[in-house]
Amino acid sequence: AQRVTQPEKLLSVFKGAPVELKCNYSYSGSPELFWYVQYSRQRLQLLLRHISRESIKGFTADLNKGETSFHLKKPFAQEEDSAMYYCALTTGANSKLTFGKGITLSVRP
Amino acid sequence: NAGVTQTPKFRVLKTGQSMTLLCAQDMNHEYMYWYRQDPGMGLRLIHYSVGEGTTAKGEVPDGYNVSRLKKQNFLLGLESAAPSQTSVYFCASTTDRGLGGYTFGSGTRLTVV
């Protein structure tokens with residue numbers, strides 16, 4: 001069965017510092033990877049998908065199949081980036097998403 | 001365009017009571033899901049549906065039942081609520097490949113006392 005691991009629960013940085021939120025996965029096939037963001041007491045929103053190779057709000061994520069990782073990065077954090085971030089994976093079967101446990105990003109002024 | 005709407009937003013139940021959470025989507029999505037979100041546990045799949053009239057168990061189905069009588073609605077029922085079911089419940093929907101990502105509802109915060 002597939003699994004998503006987010007090894008850290010909390011990351012606290014100062015405004016303007018670089019950010020890297022780690023995500024590792026286990027799946028023998030070729031999964032589709034996503035990052036979702038949840039701002040305080042709001043619904044989860046899709047941040048980005050690896051298949052589209054896009055940059056959203058300055059965030060990027062590269063799929064590394066050799067290391068089975070999909071880390072989320074941003075060169076200069078902003079206070080409005082403070083939120084909970086979830087890495088998620090789907091194998092395509094019934095489009096079910098498997099989520100990691102999430103990480104809270106806190107950006108201090 | 002409302003997207004995914006969940007009702008109610010908040011509810012307090014006594015142990016043993018029953019209730020139904022409603023999820024409605026207006027995007028003509030085939031696939032719908034119910035997740036629960038607990039601190040330190042992330043989101044865990046309770047039940048899901050791949051189309052009208054079909055349902056299937058997810059990772060943590062015990063104590064819950066679901067129905068998908070209409071394509072746009074996905075109901076989650078708790079027959080006899082327990083304190084362990086205190087959680088935030090999220091509904092989500094997607095197209096059949098899911099590559100565009102899920103659209104989530106705003107959540108239902110349920111407390112069982």
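All of these numbers come straight from a predicted model, not from anything done at the bench. Naming: A, B, ... by sequence-line order, numbering from 1 per chain.
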Q | Under 4.5 Å from any heavy atom of chain A - which part of B/Leu43 | A |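 The answer is both parts of B/Leu43.
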
(Q) Looking only at heavy atoms and a cut-off of under 4.5 Å, which of A/Gln38, A/Gln42, A/Met84 has the most pairs with chain B? (A) A/Gln38

Q) When heavy-atom pairs shorter than 4.5 Å are enumerated against chain B, which of A/Gln45, A/Lys96, A/Lys9, A/Arg41 gives the highest number? A) A/Lys96

Q: Output yes when A/Asp81 and A/Lys74 qualify as a salt bridge under the 4.0 Å nitrogen-oxygen rule, no when they do not.
A: yes

Q) Do the ring planes of B/Tyr48 and B/Tyr33 sit parallel (below 30°), tilted (30 to 60°) or perpendicular (above 60°)? A) parallel

Q) Between B/Trp34 and B/Phe74, what is the ring plane arrangement, given parallel below 30°, perpendicular above 60°, and tilted in between? A)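 The rings of B/Trp34 and B/Phe74 sit tilted, inter-plane angle from 30° to 60°.
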
Q: May I ask you to name which of B/Gly40, B/Gly107, B/Gly58 has the most heavy-atom pairs under 4.5 Å with chain A?
A: B/Gly40

Q) What residue in B/Glu59, B/Arg44, B/Gln37 has the most heavy-atom pairs under 4.5 Å with chain A? A)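 Result: the option with the highest number of such pairs is B/Gln37.
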
Q. Is the centre of the B/Tyr102 ring less than 6.0 Å from the centre of the A/Phe34 ring?
A. no

Q) Name the one of B/Val4, B/Asn73, B/Thr5 that satisfies side-chain contact (heavy atoms from CB on, under 4.5 Å) with B/Gln25? A) B/Val4

